[in-house]
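All values reported here derive from a predicted model rather than from experimental measurement. Each chain gets a letter, A, B and so on, in the order its sequence line appears, and its residues count up from 1.
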Protein chains: 2
Amino acid sequence: MNLDTCDDATHERILNAAEKLFAQHGHDGTTLREITKAAGVNLAAVNYHFGSKQALYTEVFQRVIRPINERRLAILADAEQLAGDQPVPLRAIVDSFIRPVFEMARGRPPFLLLMSRNFSAPPAFMHEVMGREFGKVAQRYLQVLQTSLPHLSPAEVFWRMFYVTGSMLFVAAHSQSIERLSQGLCRSDDPDASIRRLIDFAVAGLGAPKTPVA
Amino acid sequence: MNLDTCDDATHERILNAAEKLFAQHGHDGTTLREITKAAGVNLAAVNYHFGSKQALYTEVFQRVIRPINERRLAILADAEQLAGDQPVPLRAIVDSFIRPVFEMARGRPPFLLLMSRNFSAPPAFMHEVMGREFGKVAQRYLQVLQTSLPHLSPAEVFWRMFYVTGSMLFVAAHSQSIERLSQGLCRSDDPDASIRRLIDFAVAGLGAPKTPVA
DNA sequence: GTCTATAACACGATAGAC
DNA sequence: GTCTATCGTGTTATAGAC
């Protein structure tokens with residue numbers, strides 16, 4: 001409440017264990033007993049440090065989403081400055097949106113599942129948090145995309161960005177299982193290629209000709 | 001076990017209530033008490049008719065996914081026949097993949113959420129079922145797509161179909177909340193337009209130029 | 001096939017000693 | 001700040017009467 005006691009190992013251990021377990025089994029599928037056991041701390045520690053299971057879950061998610069969104073906006077601002085008076089290239093916009101997610105996941109793959117869970121099927125108590133975190137960056141991206149895709153209506157831009165988000169989250173959710181699902185066809189051992197492939201797809205989809213009104 | 005007693009109202013009432021509640025709150029977030037109460041049947045009826053909560057969940061999902069996959073393959077076969085010796089038009093392939101999902105959802109929107117949940121973050125005991133249901137149609141679509149997208153490797157085709165699936169499921173998951181999320185910008189009151197918009201995006205993404213090898 | 005009653009257990013949260 | 005012990009509640013599943 002006052003100064004953060006950043007040397008509190010228990011606090012961090014709980015967050016790390018919870019991130020992994022919440023990602024793999026969801027909020028309802030994970031118990032505080034499992035978390036505290038994995039973290040090697042006492043059962044009562046969660047309620048002492050976080051107050052409740054829901055508060056812990058919220059903190060776990062905010063700890064991962066906030067740096068990502070900050071980095072997104074930072075890269076986007078750079079791209080905007082680089083473009084000067086011109087519209088920001090579509091590919092640069094998409095890159096700034098997608099890349100931070102997968103870069104944050106380096107070495108901690110379960111985190112991608114956590115992202116996916118929270119945006120695709122968040123627990124009910126997270127709706128408010130998700131709306132806030134989602135809306136913040138959405139507004140910014142819509143603004144930038146609109147100048148790079150002037151032939152599309154704002155609604156059209158929103159829909160398409162929604163699709164891109166869905167593609168990204170679905171890949172994120174299955175980053176660990178894609179090799180099995182594709183029966184060895186798809187490899188997940190080249191993160192750079194994975195990101196580039198997804199960006200290629202997203203840029204093409206976003207830039208598709210306007211749907212003619214029926 | 002022997003002949004299906006198709007006039008068993010209790011069986012159906014449980015399935016319908018379970019579909020709605022599982023879709024909204026997930027497997028772990030739904031209790032048998034809630035389901036039986038919503039269905040207006042006795043608590044013990046679930047175990048009598050289905051054996052366990054997991055068996056009920058499996059049955060709920062298979063009841064929705066199987067007709068969809070059958071319809072997909074039927075439409076795809078028609079398109080193939082219509083195309084004769086020529087490759088099936090990309091748009092026809094995508095249409096056959098996406099349209100049955102949203103048509104099945106007419107009048108029962110929670111069903112879309114169920115789809116999304118099961119493919120994006122299925123409960124652990126569903127992994128085998130999902131792999132089976134996914135693999136079945138995936139193989140067929142990969143084969144057809146390969147002839148329509150000969151410039152892409154099989155792996156590339158799989159990845160892109162994965163992205164399309166993600167877009168579709170994300171829209172499905174938020175079909176009820178997109179108006180709120182977009183602050184009124186996007187409307188969900190024209191299902192035909194929604195399907196067409198998604199197909200436009202998917203076709204453009206699938207048909208994107210091949211990613212140059214770095 | 002439907003019901004009541006309950007077994008058997010797991011859950012989140014907390015009180016209170018250290 | 002950490003621990004043990006436990007409270008109160010809710011869970012799935014089932015036994016057994018009707």
Within this structure, what is the [atom1]-to-[atom2] distance between [X] and [N], rounded to whole angstrom?
X	N	atom1	atom2	result
A:Q54	C:dC11	CD	C1'	14 Å
A:K37	C:dC11	NZ	P	11 Å
A:I35	C:dA13	CD1	P	11 Å
B:K53	C:dA10	NZ	C1'	13 Å
A:D28	C:dA10	CG	P	18 Å
B:L43	C:dT6	CG	C1'	11 Å

| query | Would you say D:dT2 has OP1 or OP2 under 4.0 Å from some side-chain N or O of A:T10? | reply | yes
| request: Considering just the side-chain nitrogens and oxygens of A:H11, establish if one lies under 4.0 Å of OP1 or OP2 belonging to D:dG1. | output: no
| query | Will you find, in the side chains of B:S188 and B:E179, an N or O donor that is under 3.5 Å from an N or O acceptor? | reply | yes
| request: Go through the side-chain N and O atoms of B:N69 and B:R72 and say whether any donor and acceptor fall under 3.5 Å apart. | output: yes
| task | Look at the aromatic rings of A:Y163 and B:F201 and report parallel, tilted or perpendicular, splitting at 30° and 60°. | result | tilted
| field | Residue whose closest nucleotide on DNA chain C lies nearer the 5' end, A:G51 versus A:T31 | value | A:T31
| query | With sugar-phosphate meaning primed atoms plus P, OP1 and OP2, does A:T30 contact a base, only sugar-phosphate, or nothing at under 4.0 Å between heavy atoms? | reply | sugar-phosphate
| request: Check every strand shown and say whether A:A45 touches a base, only sugar-phosphate, or nothing at a heavy-atom separation below 4.0 Å. | output: nothing
| message | Base of D:dG10, side chain of B:R33 - is there a donor-acceptor contact under 3.5 Å? | response | no
| said: By nearest heavy atom, map A:N42 and A:Y48 onto DNA chain D; which one lands nearer the 5' end? | reply: A:Y48
| said: Which is more 5' along DNA chain D, the nucleotide nearest A:H49 or the one nearest B:L32? Just name the residue. | reply: A:H49
| message | For the aromatic rings, using the six-membered ring if either is Trp, is the centroid distance between A:Y57 and A:F22 under 6.0 Å? | response | yes
| said: Looking at every non-hydrogen atom in both residues, tell me the closest pair between A:L152 and A:R160 and how far apart they are. | reply: CD1-NH1, 3.4 Å
| remark: Among D:dT14, C:dA13, D:dT11, the one nearest any side-chain atom of B:N47 is D:dT14
